[in-house]
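Bear in mind that the values here come from a model prediction, so they are computed numbers and not experimental data.
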Amino acid sequence: MSSNIRIEKICIFCKEKFIAKTFSTKYCTHRCNQKDYKKKVKEEKLRKSKEEFQTDVKLKELKVISIEDVQKKTYLTIKEVCLLMNISESTIRKLIKNGELKTIRVGKKHFLLKSELNNIS
């Protein structure tokens, strides 16, 4: 049984006029439906990405290390040494690997004695 309903509507995606056979029809063609769906999925991914980026930025802001706090410590992590000495993390790791810096390893973290930093040339 086919419907005799003919309603003039405007497609949500392409904004073209079309004749709908049901009250719930929103798109003029299946292609417009697919394109609108893909557009919504892409927008949702972008929204989630922006939210994750904002939460990452907030977490980094919470973990800001001040130089004054670092100077008070006896044992320093690699990131704290980077901040204090103004050199990259990879350089410090190379110095550790070459044996120029002695570290204490706890789990996966390296801790350096502040007095060891004076030995770096």
*asked:* I need the minimum non-hydrogen distance between Ile10 and Phe18, along with the two atoms involved.
replied: C-CE2, 3.7 Å
_Heavy atoms of other groups near Asn98 CG, more than 12 under 6.0 Å_ = yes
_Give me each pair satisfying salt bridge (charged side-chain N to carboxylate O under 4.0 Å, His left out) with a member in residues 82-92, each pair once, sequence neighbours excluded._
Glu89-Arg93
*Side chain of Glu80, backbone of Thr77: donor and acceptor closer than 3.5 Å?*
yes
*Is it possible for you to say whether Ile87 and Ile96 belong to one hydrophobic cluster, with membership spreading through side-chain heavy-atom contacts below 4.5 Å?*
yes
_Can you tell me how far apart OG1 (Thr91) and CD1 (Ile78) are? Round to the nearest 0.5 Å._
11.5 Å
_Gap between atom NZ of Lys9 and atom OH of Tyr27 - 0.5 Å precision_ = 11.5 Å
*If you look at every heavy atom in Lys21 and Arg6, which pair is closest and at what distance?*
CG-NH1, 3.4 Å
*Kindly work out whether a path of hydrophobic side-chain contacts (I/L/V/M/F/W/Y, heavy atoms less than 4.5 Å apart) joins Leu83 to Met85.*
yes
*Looking at Cys28 and Cys14, what are the two nearest heavy atoms and their distance?*
SG-SG, 3.6 Å
*Do Phe111 and Ile92 belong to the same hydrophobic cluster, where Ile, Leu, Val, Met, Phe, Trp and Tyr are linked whenever their side-chain heavy atoms lie under 4.5 Å apart, directly or via other members?*
no
*What is the distance from atom NZ of Lys35 to atom OG1 of Thr29, rounded to the nearest 0.5 Å?*
8.0 Å
*Might you work through the side-chain contact (heavy atoms from CB on, under 4.5 Å) test for Asn33 and Phe13, ending with a clear yes or no?*
CA-CA 7 Å; Asn33 188 352; Phe13 183 74; over 6 Å; no
*Closest non-hydrogen atom pair, Lys73 against Leu76*: CB-CD2, 3.8 Å
*Gap separating the NZ atom of Lys39 from the CD atom of Gln34, nearest 0.5 angstrom*: 15.5 Å
*What is the minimum heavy-atom distance between His110 and Thr103, and which atoms define it?*
ND1-OG1, 3.2 Å
*asked:* According to a hydrophobic-cluster definition based on side-chain heavy atoms being under 4.5 Å apart (Ile, Leu, Val, Met, Phe, Trp, Tyr only), do Leu113 and Leu84 belong together?
replied: no
*Rounded to the nearest 0.5 Å, what separation is found between the CD1 atom of Ile12 and the CD atom of Glu16?*
14.0 Å
_Basic-acidic side-chain contact under 4.0 Å: Glu51, Lys48_ = no
_Between Lys38 and Val41, does the side-chain contact (heavy atoms from CB on, under 4.5 Å) criterion hold? Intermediate values first, please._
CA-CA 5 Å; Lys38 288 179 182 179; Val41 168; 5.6 Å; no
_Tyr75-Val106 co-clustered via ILVMFWY side chain contacts under 4.5 Å_ = yes
_If you define the side chain from C-beta out and look only at heavy atoms, does anything of Ile7 sit under 4.5 Å from Ile19?_
no
*About how many Å separate CD of Gln54 and NZ of Lys50, when rounded to the nearest 0.5 Å?*
8.5 Å
